[in-house]
Each structure stands twice: as C-alpha cells, then as structure tokens.
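Below, chains carry the letters A, B, ... as their sequence lines are ordered, and counting in each starts from 1. Predicted, not measured: the structure shown is a model, and the values here were computed from it. Side chains included, hydrogens not; waters and symmetry mates left out as well; all remaining heavy atoms used.
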Amino acid sequence: MKTYNHKEIEKKWQEQWKKENLYHAADDSSKPKKYVLVEFPYPSGEGLHMGHLRPFLAGDIYSRASRMNGFETLYPMGWDAFGLPAENFAIKKGVHPKISTAKNIENAKRQLQSWGTSFDWDREINTTDPEYYKWTQWIFLEFYKAGLAYEATGLINWCPKDKTGLANEEVIDGKCERCGTIVEKKEMKQWYLRITEYAEKLLEGLDSLDWPEPIKQQQRNWIGRSEGAEIDFETTYEEKTDFLILHGYTGLPEKNFIPWLKKELESKGYIVQAPELPNSNDPKEEEQVEFVLKNSHIGPNTIIIGHSLGGVVAQKVLVRYGKPISGLILIAPAIDPEFHSAVERPFWKNFTWGFDYDEIIRLTEFRTVLSDLKEEQKRGSYLKFLSEKLKAKLISGESNREHFTAPEEPIILNNVLPKIRVFTTRPDTLFGATYMVLAPEHALVTQLTTQDQKSEVTRYIAKTNEKSELERTALEKEKTGVFTGSYAINPATGQKIPIWIADYVLSTYGTGAIMAVPAHDKRDYEFAKKFELGIVKVVNDEGDRRLPYERDGRLMNSGKYNTISSATARAQMTAEFGIKKVQYKLRDWVFSRQRYWGEPIPIIHCPKCGAVPVPEEDLPVKLPEVEKYEPTGTGESPLAAIDSWVNVKCPKCGGSAKRETNTMPQWAGSSWYWIRYTDPKNDKEFASKKLQQHWTPVDIYFGGMEHTTLHLLYARFWNLFLYDQGHVTAKEPFAKRVPHGIILGPDEEKMSKSRGNVVNPDEIVEKYGADTLRMFEPFLGPHEATVSWNDQGILGVKRFLDKVWRYQRDFEEGDDNNHIHKLVQKITGDIQNFKFNTAVASFMEFLNENKEMSRENWETFLVLLAPFAPHMTEELWHQLGHKDSIHQQSWPKFDERYVRDENVTMVVQVLGRVRASMAMSAGATQEEVRAAALLDPNVKKHLEGKEIVKEIFVQDKLINFVVK
RNA sequence: ACCUGGGUGGCGGAAUUGGUAGACGCGCUGGACUUAAAAUCCAGUUUCCCGCAACGGAAGUACGGGUUCAACUCCCGUCCCGGGUACCA
C-alpha cells in the first residue's frame, strides 16, 4: 500500500466534485430543506486565517452530514467585500479597491476549496457587485419611505484615524472597532436608521429563538429596556426675579392672557409689572420706549415678556437700557416689514425696524421666542429667522388659537417657568428627591442659570466638552458638577430643591435630566455627599437582600404613601405625579460613512425639494471612478470631489441638485445577504417570495461572539423591518445560532502578525493535508471554547488518518456489531450537538479497539468519517470498488439492540466507596448482583462485622451496601 | 460595579447530566524492530502509602461549608480567569 499522498488525492477529488457539481442545492428538490449558514468573510489581502476555519469547518461537517441524512442542504458562501482595508490599500498603493478585492476573493476561494469545503458556488454573492448593492440601496429607500431613515445633526462618534463616523455598536471600550483609535465626539449631519423604533420587537423576538442564552442576554442588555415614569418638575426663579410684561398693538394689561399670567406669577411670589403703554391704538416707538424706561423698574433680575408689538418694544427698551437683565421672552413678536411674507400694519411707520441682535444677546442670559400653531403657519419663517438671529430657543406651542389671544395660555407659563421632565425607574422615591441634575448639554441650562452662577456654569460646560467620551467615563472617579442658581419644586413635597448640572447625567439617555434621590441611588449619594446636599430616606428597605440602592420596602417620610410597599407606590405615584414610560439604551444607528468603498446612499439633495430618493429605475447608484480615495477628514466623503457625479438633476422638479456623497457602513451588505443566497441572480426583486419561503429562515447559523451586538442585531432589525413591509417571509432570520470560540496562537496569545504567532492554514494543508487539518482543528477543544493552537497535537490526528489509510482490509466475517452501532450513535449525536472534538476522539477510540472488522462495518466507519475527512474516505470508498461518491451515501442508522450492552460492569460499593467491580450480563436482578457481590473477597472484608442497613441498586450500574 | 461563561493530571481536554473521575490526543518513561536514526508497534504515566503482586489502602475535580447511600455534577459562601456592558437614573 502506497503512503497517502494528500496533495495528489485531495486535488483529484476536489476537481471531481466540482465537475459533478456535487454540492449544489436544488430549489426544486422534493427532500426537506436545511439552510446552513456561516458568516461570509471579508476578503482581505492576507487571505483567510484560522479564525475563519472554525465556523467554516463546523458548517461543512454539519452540512455534509445533513445531506447524507436526506436533507436538501443549502450551504452557500460569498464575500462581504466593502470596507476599509481595500480602501486603505488603494490610498497607499493606488490600486482600485475593485481590483484588489477581486484578487483577494480569488485567493480566498482557492483556500476554501483547498480545505475540501462543500459550498454551493453557484450561489456565490459579493456585496460590492452593483447587481447586489442595487438591492442594498433599494432596501435603504424602503427604510426612507417608511420614515425609518432620516438625516439629523447630532453629536456622533468619530474615528480620527479612519476619518469617518461610527455607530454606537462600533465603539468598543471607547475605541474604534476597526483600528482601536480613541473615538472622538463630533457634531455632524448624518443619516440614521431608526432602530430604536424596533427596540421592543427586537427584544420580543429573542424569546422564540434557539440561541444560546448568553447571546440573547447580551442583546437584551444592549437594547436595555427599563420601565419607569416621566415626572415634570416646575422650576422657580430666585425670589429677587421680577417680570415686566409689555402688551401689543391695541392691547391693554387687562386683555388676553396678561391678567392671568400676572396672577399666576404673583401667586408664586414674584413681582410683576404690566404697564399700560401710551396710545395703544396708534403706538409710536419713541413714546412707548421712553414710557417704559421712565415708569418701570428694570434690573439685573428682570425678565421682560413682550407680546406681539410688545416684543418689538421690549427689544428696543433693552438696547436703550443697555445693562444686562435676566431674560427676554418674545411671544408672537410683530413681524418685521422687511420680511418677505409681511402684511402691512398701520404702526410700521412709527417704528424703526433695525434690531441690534448682537447687543440683545449680550444683555440677556436667555432668549425665547414662542409661537402657536396658527402663528407658525402664518409667520413661521419670520419666527425662525428671528430666533436664529437672537440665538433664542424657539418654542412651537400646541395651542390652535391665533396669536395668543386666549385668556389663559399655559404654554407661556410653561416657558416662563419651564418644567423639567425627568425619567426615573423609582417614582416611589419621589419624596426623597432633594435636588435635580441636568446634563451639561440640556436645553434649559442657559435659561436656568442665574447671573451669579453664569461664569461657573460656563466654565464647567467648557471643561466637559474638552474631555473625550473615554476620559469622561473611564476616569469614573469623583463626581463633578455645579449649581445653576435655580430651583425646582418637588411635586410631592412642594419643597424647593436646587438644580445642578453634572456630567454624570447623560444627555443621550432618558430626558437628559434626573431627580436625585441620594438615599436610594449610589451616584446621587456620592454627589450629595460631596456637595452637601440633603439626603432623605423614604423607603425602609431593611430585609431586602438585593444590592443597596436597588432595594424595595415600605415607604416612610412620604406623607400619605407611608407604609405602602414600593411596588404599589410606584404605580400610584406614577399615576398621581407623572406618566408611565419605557426607556431603552439602544440608540439610533448612525448610517453615514465618509468613505469611498461602500454603497452610495441613494439620495439626491435638491435646494427646493429637500432630500429626494433616487427613483427605483435609476438604481443602482454606482460608485464612480475616483483618482483620490483619501478621506477629506472634514466630514466629507471623497465622492464629494467628483463634480460630474455629484451634480445631477432633481428627480422631482428637474432643477439642479446634488447627490448624497456619504456611503453606507460595512454592516449594510451583510444585513440581508442570507436572503440573497436563496435567489442570487434575481434582477426583479432582491429574492423571490417563493424561494424565500422555501429556504428561509436559516436553520443553523455559525459565527463568532463578536457579532452579537453588531451584525446579529442589525440583521435582525433589517429582517424584521422587511418582514413588516411584506418583503420577507420569515419573521426572524436565524432560527438557531451556534457561536464558536476563538483560536489563539501556540503561545496562548491572540494570533497577530506583530506577535509572530500566526499559524497559516495554507501551510498546514500543504504539510499534512486538508483532512488532517479538518480533524485536528475541531479536536483542539469544544467548539464554543477558546482554544490555543498546538503544533504537536496535530501528529495524533495525522497518525490516526495514516492508520485509517493503512487499515488492513482482509475483512473478517464476524458479526460483532456492538462497537460500530455505538459509534454510529455517538457520531450522530456529536454532530447534532456540535461536539466535534469528542466525535474525533470516538473515531480514534473505535479504531484502537477494532483491529479487524467486517467489510460492512468498515464501510459504515468510512461513511461516518466522510464529513470530517472527505478526501481520504472518498478515495478509500472508490478503492473498495464503489463508483458513486461516498458523500452521497445515506447516513447509517444504529440499532438499539446493538447499542445496548450484553455484558456490563457492575460496581460494588460499601458505604459509597468502590470495593469491587464485576462483569455481569445486562439486566441482572438485584438478587443476582447481591449474591455475586457478597462472594467478592474484598467486599467481604469490608462487610465483616458490620450490619447491612440499606442497599442501593442501580440497574446495570452498581450496588451500594450501607452498613453500620 | 453589573450581566455572562468558566476553574479537572506535565499539557489540550473527557465524564451518558447525581452512579468506577481522568476517555481521546500530546508529552514523558521503558521495551520491540533497526548497524543506527526516523517511522511504526507494545507497556506504563493523578498524588501519596503498603507491597513480589493485586481488580490493597488513603487523598484528589479552585477554596470553605452543606444536602445525599453516592457530588466534577445540586445548594450556600469565598477566591481567581475569560467575554460583554459601563455614571443608562
């Protein structure tokens, strides 16, 4: 017998299988289907590495066994080929990503084939193929049409090295997921996908999935649902604050909302002036301004409120007064005649309409412009213009009356005395809220900051902005913060509580503001201790064994709620003081990347029509050829420099417009690829319903833990959305998920070029052959465990395969079927449970114990081994005279009769300790076993002089004598 | 800190879920074959004690307790290691 020439034999069969298209999955098969998926790789310049081997081999062994078990098995492969490495290579070497990608794909494909994998190459896909990304773009537009893709300016994560924005999920430990650079915050206009809309569905769907619990738990944590309440806290100014209300044209202090507002403010203890301005029916600027300056008190704590023309007067008064005041609130201020939509007013001629906006800003701590619904329709553009000039907060009210002419206008009071809305999971501790904290970025901060505190607050905000996100959290040491000078009213106790700002409150979660309950929250406690704020215990939680600050109990110091349980109080106090609210940690998905090598976002920006989707018939929007791939770093994609591509006609109005120049993140193409495999060449739709119906959902999805809150979350989101739109037939895309552990280098460190501990699969195939690699890799350890590569261990597997090859085949005609049937049972179960390591061990054990066997059993052995060592078994199979492929044989069945042992080893214990073991026939009765056991000299010795008080008998296993 | 997964010979790891702990492989030791080496084959290999030997005894699955006739496996507490999250109100 020749020695096994793996190079020759492996090549021979790989070519033969390809020729026969042995692994093609037929759409029209009558067999039951099985869809086995492995995460498709990024074709990098270094080729596929050991990390790819694990899931690919597991999937391959499983798929091969699945075919032999009578399933029409879909095991496809493709390329997730958009991404930074190809682009960075292009920047460095000037090679177009298309070219380097094609080359890398060719190499990776060669590798996959050299491993003897059984992928159906007829279904190969490539995310960078325009025929593929046409549909990625199409799906994006579906999101857009459903209102789930939107453009917004916000503070996003920015990688300064890759010069692109990142999604929340792509930031690991404050660093860029790809390159490890510390991420910065940057204010940018970006596309977002509204994944938060699907938070609840993504959460619910998990329950139905056959995924390992830790993965589901990790997704749950990432989505981060918490139930609680939103509660409004009224604010109150310092006692010295006073108000000056100026009425408008034809107005009087007795008209409209003014008497009501005055009364409300006075009831809260403020001094309010509402003078009657001279000649209200024919007002003149000079006369009215003079009147106010002469007859009204204005000071540093004054807030001037101007209604309609009173707003104009207010601005003039302020500039003439020339000293800082507290704030300016303009309620539907009269419209500037210069403004293009203005309708002529009789008083125009008596006023000058130039405003010194910068001066007004300088003299006020805050400015607010209020409008209601009708106002907004009629004069919206002016109000917007004015608020931008004044850097004022523009509030649009819900009132449907016009021009604030009703006797009561709650929106005014709400903005004169703004309410702070907080989210809390512990509304039962409301009585213990002794102060409030706003995030430094909170919209009310400027308005609530008093003159005295202004410099300190400004300094604190500046300091916060300097810190990167990493610094802000990683330090996590002392709490910092400053007092705004303002107070809020605790709605339960009616007490004034101070309002602080601190960076331990995040602007991105909840409402960006909290009620602080130091007695029942650790962070609030630390803060209160440091700044000497009040601590009031309101829940008697002794006896609750959970963590401090999470404990429930009976309320105390809580008025009528005293002695009520936390749970009840939560419900009752939510009803009385707020509304129920569910919050999620999940953030919307930042979807723009300022890079070249990705799917262009199919949107056209028109100065008239705004963002317009590219019409479906114009898809795909192809990537243009560029000369420079370099990201600009200014937040613009390199595409922005290609004028011929950027400048287009608006599909809606035909005017000149510009293309969106950002591209999609790498996760886009992989968020639906498994669907495309079912119908990869369809040019009418991304996949036909019929074929989706047939193949999806994926039955088993092999992949890494690192994708739990990235690809796996995104893919579920896209699928759920497409399902809701009626484009996809399976609600959840992946029925079962099988994660794998990573392979470390021989030094137990992560394999990396810089460490020089990379084991290249190509070299192993070259030296030992693919079958050895295929059996050794699983043999390293459990599929889900982290294992380290062991150079020497591979010899054991090599020896085993050599033994198989040299097995002497002058077959016995024996009928000892026990061993082979047990092996069938073991291997079948192990593959089913992804315990490939013990399967390999069982093959070895079997061969060690069966030096000779019948031809039939030998063939069974080879068939079982075929998914693991496809080349050698195929060769041996044909040497036995078979003409068909071993991979098309059906999977052996085991017979219960043979699996059960005829003879068993009975263990005899005395007081639970093994004293003898004896061979007995299976099914021996307790009496028989006892009789035999009592004859054993060693057992006798241990029973001597003792009395048997009890006897435990386990069929075919043991007998245990309990003695005294 | 929280959520997870784990801790078994010199090493990688088994153990049908409460029933002989250490399968299988590596390594190591001894032997056979060989002029020699490689390859291969055979035997041994948790620790300690007794012994010519044994299917003789004791201890042993991170540590400390507990439940049980019987615990790597179940319960309580502690310590380490890996993964995820991170001031999420």
- Query: Any idea which of B:U20, B:C3, B:G12 is nearest the A:Val907 side chain?
  - Reply: B:U20

- Query: Is B:G9 in the syn or the anti form, by the rule that syn lies within 90° of 0?
  - Reply: syn

- Query: Which base, if any, makes a Watson-Crick or G-U wobble pair with B:A58, both distances under 3.5 Å?
  - Reply: B:U47

- Item | Check ion pair A:Arg220-A:Asp207 (N to O, under 4.0 angstrom) | yes

- Message: Output the rounded distance in Å from CD (A:Glu777) to P (B:G12).
- Response: 17 Å

- Query: Is the distance from OP1 or OP2 of B:C24 to the nearest side-chain N or O of A:Ser842 less than 4.0 Å?
  - Reply: no

- Looking at every strand, decide which applies to A:Asn938 at a 4.0 Å heavy-atom threshold: base, sugar-phosphate, or nothing. sugar-phosphate

- NA contact type, A:Asn837, heavy-atom cut-off 4.0 Å: base, sugar-phosphate, or nothing? sugar-phosphate

- Item | A:Tyr509, nearest nucleotide to its side chain (from B:C87, B:A89, B:G56) | B:A89

- What is the distance from CZ of A:Phe776 to C1' of B:G13, rounded to the nearest Å? 12 Å

- Message: Run the side chain to side chain donor-acceptor pair (under 3.5 Å) test on A:Trp222 and A:Glu169 for me, step by step, so that the C-alpha distance in whole Å, both residues' side-chain angles and the decisive distance to 0.1 Å come before the verdict.
- Response: CA-CA 9 Å; A:Trp222 188 260; A:Glu169 287 78 8; 2.9 Å; yes

- May I ask you to say whether A:Asp552 pairs ionically with A:Arg570, meaning some side-chain N is under 4.0 Å from a carboxylate O? yes

- Could you work out the separation of B:G25 and B:G82 based on their C1' atoms and round it to a whole Å? 24 Å

- Message: Counting the atoms with a prime plus P, OP1 and OP2 as sugar-phosphate, which does A:Glu706 contact under 4.0 Å by heavy atoms, base, sugar-phosphate, or nothing?
- Response: nothing

- For A:Arg587, report the nucleic acid contact type (base, sugar-phosphate, nothing); a contact means any heavy atom under 4.0 Å. base

- Assigned partner base of B:A36, Watson-Crick or wobble definition, under 3.5 Å: none

- Query: A:Arg913 CZ to B:A58 C1': how many Å, rounded?
  - Reply: 7 Å

- Message: Quiz question: going by heavy-atom distance under 3.5 Å, is there a donor-acceptor pair between the base of B:C87 and the side chain of A:Lys522?
- Response: no

- Item | Distance, C1' atom - from B:C72 to B:A15, rounded to whole angstrom | 9 Å

- Hey, does the side chain of A:Arg799 come within less than 4.0 Å of B:C26's phosphate (OP1/OP2), counting only N and O? yes

- Please work out if A:Met844 contacts a base, only the sugar-phosphate, or nothing of the nucleic acid, heavy-atom cut-off 4.0 Å. sugar-phosphate

- Message: Given B:A89, B:C69, B:A86, identify the nucleotide with an atom nearest to the side chain of A:Trp222.
- Response: B:A86

- Task: Determine: side-chain N/O of A:His942 to OP1/OP2 of B:G57, distance under 4.0 Å, yes or no.
- Result: yes

- Pair A:Arg737 + A:Glu39, salt bridge at N-O below 4.0 Å: yes

- Give the rounded distance in Å between these two atoms: NZ of A:Lys216 and P of B:G84. 21 Å

- Message: From C-beta outward on A:Gln792, which listed nucleotide comes closest to its side chain: B:C26, B:C42, B:A89?
- Response: B:C26

- Message: Under a 3.5 Å cut-off for both contacts, is B:G82 paired Watson-Crick or G-U wobble with anything, and if yes, with which nucleotide?
- Response: B:U4

- Considering only atom P, compute the distance from B:G10 to B:C63 and round it to an integer number of Å. 14 Å

- Message: What's the gap between B:U8 and B:G56 when it is taken at their C1' atoms, as a whole Å value?
- Response: 26 Å

- Item | Earlier contact from the 5' end, RNA chain B, for A:Glu845 and A:Ser788 | A:Ser788

- Proximity of A:Phe776 and A:Trp789 rings by center, below 6.0 Å: yes

- Message: Base, sugar-phosphate or nothing for A:Lys803? Non-hydrogen atoms, less than 4.0 Å.
- Response: sugar-phosphate

- Query: Base, sugar-phosphate, or nothing: which does A:Ser917 touch, judged by heavy atoms less than 4.0 Å apart?
  - Reply: nothing

- Task: For A:Ile223 and B:C3, give me the distance from atom CD1 to atom P, rounded to whole Å.
- Result: 18 Å

- Message: For the aromatic rings, using the six-membered ring if either is Trp, is the centroid distance between A:Phe531 and A:Phe483 under 6.0 Å?
- Response: no

- Among B:C69, B:C24, B:A15, the one nearest any side-chain atom of A:Lys835 is B:A15

- Item | Salt-bridge contact A:Glu227-A:Arg225 (side-chain N to carboxylate O under 4.0 Å) | yes

- Taking atom C1' in both B:G22 and B:G77, compute the distance separating them and give it to the nearest angstrom. 28 Å

- Rounded distance (Å) that lies between atom P of B:C3 and atom CD of A:Glu213: 14 Å

- Which whole-number value in Å describes the distance from A:Trp211 CH2 to B:G5 C1'? 18 Å

- Query: Ion pair present between A:Asp830 and A:Lys835, side-chain N to carboxylate O less than 4.0 angstrom?
  - Reply: no

- Ring centers of A:Phe894, A:Tyr898 separated by less than 6.0 Å: no

- For A:Arg220, report the nucleic acid contact type (base, sugar-phosphate, nothing); a contact means any heavy atom under 4.0 Å. nothing

- B:C72: pairing nucleotide in any strand, Watson-Crick or G-U under 3.5 angstrom: none

- Item | P atoms of B:C55 and B:U4, separation to the nearest Å | 46 Å

- Message: Please name the nucleotide paired to B:C26 by Watson-Crick or G-U wobble geometry with both distances under 3.5 Å, or report none.
- Response: B:G10

- Message: Looking only at the side chain of A:Leu958 (C-beta and beyond, no hydrogens), which of the listed nucleotides B:C69, B:G19, B:G56 gets closest?
- Response: B:G19

- Per A:Gln218 side chain, nearest of listed nucleotides B:A58, B:C24, B:G84: B:G84

- Let me know the distance between CZ of A:Phe836 and P of B:A23, rounded to the nearest Å. 24 Å

- Output yes when at least one side-chain N/O atom of A:Arg915 is less than 4.0 Å from OP1 or OP2 of B:A58, else no. yes

- Query: A:Leu780 near the nucleic acid: base, sugar-phosphate alone, or nothing, with a heavy-atom cut-off under 4.0 Å?
  - Reply: sugar-phosphate

- Query: Taking for each residue the nucleotide of RNA chain B with the nearest heavy atom, is it A:Asn848 or A:Lys957 whose nucleotide lies nearer the 5' end?
  - Reply: A:Lys957

- Task: Determine the interatomic distance between P on B:A59 and the same-named atom on B:G66; round to the nearest Å.
- Result: 16 Å

- Could you check whether A:Thr905 gets within reach of a base, just the sugar-phosphate, or nothing at all, counting any heavy atom under 4.0 Å? base

- Quantified in whole Å, what is the C1' atom distance between nucleotide B:U61 and nucleotide B:U47? 14 Å

